[in-house]
Amino acid sequence: MKGKLPDNFLWGNSTSSMQTEGGIHEGGKGPSVYDTYEATETTSNWDVAIDNYHHYEEDLDLMANQGMNCYRFQISWSRANPTGDGDFNEEGIQYYDRLINDLLKRGIKPMICLYHFDMPLHLAEKYNGFMSRHVVDAFVRFGKKMVDCFSDRVKLWVTFNEQNLYSQTEAFHIAGYLKGDQTDEELRLIAHHVMTAHAQVANYVHETSDAQIGGMLAYVESYPKNCRPRDVYVARQIDEFLNRNLLEVWVHGHYSTEVTQYIKNHHFDIDFTEQDQIAFEKLKSDFISFSYYASNVVDSTKIPQGTMPNRYLDYGGVENPYLKATDWGWNIDPLGFRDVITKTYNEYGIPMFPIENGIGYRETFDGTEIQDDYRIEYHRDHIQAMIDAVVEDGVPVLGYLGWGLIDIPSSSGNMEKRYGMVYVNRGNHELRDMKRVPKKSYKWFKKVIETNGNDLENNL
């Protein structure tokens with residue numbers, strides 16, 4: 001079935017500050033937790049990334065030449081506010097001011113993400129990150145300041161990248177948590193603190209500007225291994241505890257009944273205040289944004305008795321014999337992408353916005369164009385699945401932002417796991433000349449944007 005995306009559809013790129021900027025000792029930036037991570041045999045450190053701090057205009061030109069009209073980037077909390085507390089850093093704020101203006105000059109709509117895993121080191125060391133209510137208050141202060149500075153020009157906002165990760169085991173890595181026992185109660189406390197921080201900033205956006213804001217999920221479709229009732233049940237619980245629990249707050253102002261009862265039955269103290277509830281009840285979401293890369297399969301027999309559903313995939317994830325997987329074990333599943341878009345809209349009625357999608361590959365540059373047909377195939381199949389959700393299922397979708405469409409280190413720091421349609425000439429331990437070289441997929445995506453998704457053929 002041939003269909004058409006809306007004329008104002010957003011095509012673009014997403015990145016984080018620590019994976020692009022570099023310049024960690026420049027411009028008044030304070031240290032973040034990520035800045036302390038050292039290189040390993042298979043990863044780089046975070047000192048330089050792709051040196052976007054010094055060369056972002058070159059990267060913006062590459063985006064503009066490809067026809068992109070949206071760029072989602074992150075404001076580094078420790079660049080705008082070196083300790084996360086105290087005075088803001090005017091030089092850091094001016095850097096983002098220039099970036100926003102330079103995007104607008106190129107016809108690219110900026111979208112700001114306020115937090116993408118890199119807690120200011122001071123807040124992590126002194127307060128143990130989002131374990132502390134003090135850090136919630138510090139984040140809200142930071143978020144409100146950025147809204148005051150930029151909402152006149154930036155009309156799309158996200159607070160936390162992949163917010164449901166703060167209710168999974170990854171939370172202890174990404175929330176500034178440096179000490180503790182990583183208990184289920186601590187995990188639920190972190191997740192709640194992050195949610196109330198989101199609600200307070202989102203409410204401020206709506207109270208003070210005409211900008212739009214929505215929550216963001218790392219949506220991983222979870223299938224039961226087979227029709228064993230327990231497999232089906234735990235797959236549903238994964239979706240309830242990791243995804244729908246947040247969606248319920250973003251859209252209806254309260255946590256899922258099932259999750260709330262679980263917290264009550266286990267006597268968890270999640271520091272839920274009356275003011276938090278008031279913030280939840282005021283909350284609204286202009287869109288539901290999400291990242292999508294892969295789907296999972298869960299085998300209930302591998303999950304120890306008494307495991308909290310948030311941790312099921314720590315034990316129960318198994319291979320899917322019906323799908324191809326990347327070298328990193330991520331299943332390639334475009335139909336899962338369509339299902340996430342459609343079922344979420346059917347349930348909540350809020351416009352959908354996929355703001356990360358992509359595939360990592362190991363690639364080498366020998367002076368000739370990289371023929372990354374595998375990347376073209378991945379994006380083509382996922383874009384088609386998205387179009388099917390729009391045309392056949394009736395879902396309003398705002399745009400499609402690929403992840404890291406100019407090569408950046410992966411979230412673990414691996415420069416050799418390349419997502420980009422533009423090759424950046426550096427490795428994990430060699431910076432080389434950092435030259436940007438478009439791959440075959442760059443030209444293909446340019447054609448896709450020019451035709452607003454009507455021509456997805458790989459016929460270059």
Side-chain angles (χ1 to χ4, degrees), residues 1-14 69-70 72 111 113 156 158 160-165 212-223 235-236 238-252 256 284-297 320 322-323 330-359 377-403 405 419 445 448-449 452-454 456:
M1 182 176 181
K2 192 74 171 173
K4 189 174 181 347
L5 294 171
D7 291 339
N8 61 348
F9 196 77
L10 298 174
W11 297 97
N13 186 24
S14 285
N69 59 4
C70 187
R72 172 211 152 196
M111 180 181 196
C113 174
L156 296 170
V158 173
F160 292 92
N161 179 72
E162 299 178 326
Q163 189 179 326
N164 55 338
L165 295 187
Q212 294 186 317
I213 189 166
M216 182 192 175
L217 296 170
Y219 218 124
V220 180
E221 186 88 322
S222 291
Y223 303 124
R236 184 203 61 77
I238 289 169
D239 195 38
E240 185 73 19
F241 277 68
L242 299 187
N243 302 315
R244 292 188 76 258
N245 186 49
L246 280 75
L247 288 159
E248 286 293 307
V249 182
W250 294 339
V251 180
H252 298 310
S256 147
K284 71 168 188 163
S285 297
D286 300 300
F287 53 81
I288 294 168
S289 59
F290 66 102
S291 65
Y292 180 88
Y293 295 94
S295 59
N296 287 328
V297 174
N320 189 332
Y322 302 102
L323 295 173
W330 292 22
N331 295 316
I332 301 171
D333 184 9
L335 185 58
F337 185 45
R338 175 180 176 180
D339 192 53
V340 164
I341 293 171
T342 299
K343 72 179 181 182
T344 307
Y345 182 75
N346 287 350
E347 179 75 14
Y348 293 100
I350 306 294
M352 299 296 292
F353 195 175
I355 61 174
E356 286 186 29
N357 182 235
I359 187 167
E377 179 181 1
Y378 179 93
H379 283 283
R380 181 197 66 206
D381 292 349
H382 283 76
I383 292 169
Q384 184 59 61
M386 175 189 67
I387 292 171
D388 292 342
V390 172
V391 175
E392 298 185 17
D393 304 339
V395 181
V397 177
L398 301 182
Y400 176 86
L401 308 186
W403 173 252
L405 296 184
Y419 284 86
F445 197 50
V448 170
I449 296 172
N452 200 32
N454 287 325
L456 302 180

Donor-acceptor pair, [X] side chain versus [Y] backbone, under 3.5 Å?
X: Asn69; Y: Trp11; answer: yes
X: Asn331; Y: Ala294; answer: no
X: Asn164; Y: Asn243; answer: no
X: Tyr345; Y: Pro351; answer: no
X: Ser14; Y: Glu356; answer: no
X: Asn452; Y: Leu5; answer: yes
X: Tyr292; Y: Phe337; answer: yes

Measuring from atom [atom1] of [X] to atom [atom2] of [Y], what distance do you get when rounded to the nearest 0.5 angstrom?
X: Glu377; Y: His382; atom1: CD; atom2: NE2; answer: 10.5 Å
X: Asn357; Y: Leu405; atom1: CG; atom2: CG; answer: 9.0 Å
X: Phe445; Y: Arg380; atom1: CZ; atom2: CZ; answer: 14.5 Å
X: Leu217; Y: Asn245; atom1: CG; atom2: CG; answer: 10.5 Å
X: Tyr378; Y: Ile383; atom1: OH; atom2: CD1; answer: 10.5 Å
X: Gln384; Y: Leu456; atom1: CD; atom2: CG; answer: 5.5 Å

Any non-hydrogen side-chain atom of [X] less than 4.5 Å from a side-chain atom of [Y]?
X: Trp250; Y: Gln163; answer: yes
X: Leu242; Y: Val220; answer: no
X: Met216; Y: Glu162; answer: yes
X: Leu323; Y: Ile332; answer: no
X: Leu247; Y: Glu347; answer: no
X: Trp330; Y: Ile359; answer: no
X: Asp388; Y: Asp393; answer: no
X: Arg72; Y: Leu10; answer: no

Inset, instruction - Please lay out, stage by stage, how Val297 and Tyr322 fare under the test side chain to side chain contact (heavy atoms under 4.5 Å, CB included). - result: CA-CA 11 Å; Val297 174; Tyr322 302 102; over 6 Å; no

Closest non-hydrogen atom pair, [X] against [Y]:
X: Ile350; Y: Phe287; answer: CG2-CA, 3.4 Å
X: Gly453; Y: Ile387; answer: O-CD1, 3.5 Å
X: Met352; Y: Val340; answer: CE-O, 4.2 Å
X: Ser289; Y: Gly215; answer: OG-O, 2.8 Å
X: Glu240; Y: Ser256; answer: OE2-OG, 2.6 Å
X: Trp403; Y: Asn13; answer: C-OD1, 4.1 Å

Inset, instruction - Output yes when Arg244 and Glu248 qualify as a salt bridge under the 4.0 Å nitrogen-oxygen rule, no when they do not. - result: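 A salt bridge links Arg244 with Glu248.
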
Inset, instruction - Show your reasoning for whether side chain to side chain contact (heavy atoms under 4.5 Å, CB included) applies to Gln212 and Phe353. - result: CA-CA 12 Å; Gln212 294 186 317; Phe353 195 175; over 6 Å; no

Legend entry - Tyr223 versus Asp333, side-chain donor and acceptor atoms under 3.5 Å: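 Judged by distance alone, the side chains do pair up.
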
Legend entry - Polar contact flag, side-chain donor to acceptor under 3.5 angstrom, Tyr219-Asp239: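 Looking only at side-chain atoms, Asp239 and Tyr219 do form a donor-acceptor pair, the distance falling under 3.5 Å.
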
Inset, instruction - Please step through side-chain hydrogen bond (donor to acceptor under 3.5 Å, both in side chains) for the pair Tyr400 and His379, ending with a clear verdict. - result: CA-CA 10 Å; Tyr400 176 86; His379 283 283; 2.7 Å; yes

